[in-house]
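Data first, discussion second: the structure below is written as structure tokens.
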Amino acid sequence: MCRSIKTLRPPVLPEEATEEEIRAAALQYVRKVSGFRAPAAHNREVFDRAVEAIAAATAELLDGLEVRGVAQPQGAG
């Protein structure tokens, strides 16, 4: 596990993760898996697509998680 990626769900994170936090975690994951901190120009497009796909999957995951014992915000589900 990449040590730079932090848990983005309550109660570890007191509020909902921001888009910026989700994208930062996705970027760290892609960097770790690819072995590149910054990809060469010929790999930039695939690198960026991977970050976006992982950020979207992470947001979907966080939106769908039910964490027992954590109060839901008013108006939530």
Residue pairs, two or more places apart or on separate chains, that pass salt bridge (Lys or Arg N to Asp or Glu O under 4.0 Å) and touch residues 39-49: R44-D48, E45-R49
Same cluster (ILVMFWY, side-chain, under 4.5 Å), V30 and V46: no
Inter- and intrachain pairs under side chain to side chain donor-acceptor pair (under 3.5 Å), touching residues 53-65, at least two apart: none
Minimum-distance pair of heavy atoms, taken over all atoms of F47 and F36: CE1-O, 3.8 Å
Backbone N/O of R9 and side chain of T7: donor-acceptor pair under 3.5 Å: no
A17: partners by side chain to side chain contact (heavy atoms under 4.5 Å, CB included), with sequence neighbours left out: L8, L13, E21, I22, L62
Under the salt bridge (Lys or Arg N to Asp or Glu O under 4.0 Å) test, residues paired with R31 that sit two or more places apart: none
Closest approach of A55 to A26 (non-hydrogen atoms, all atoms of both residues): N-CB, 3.6 Å
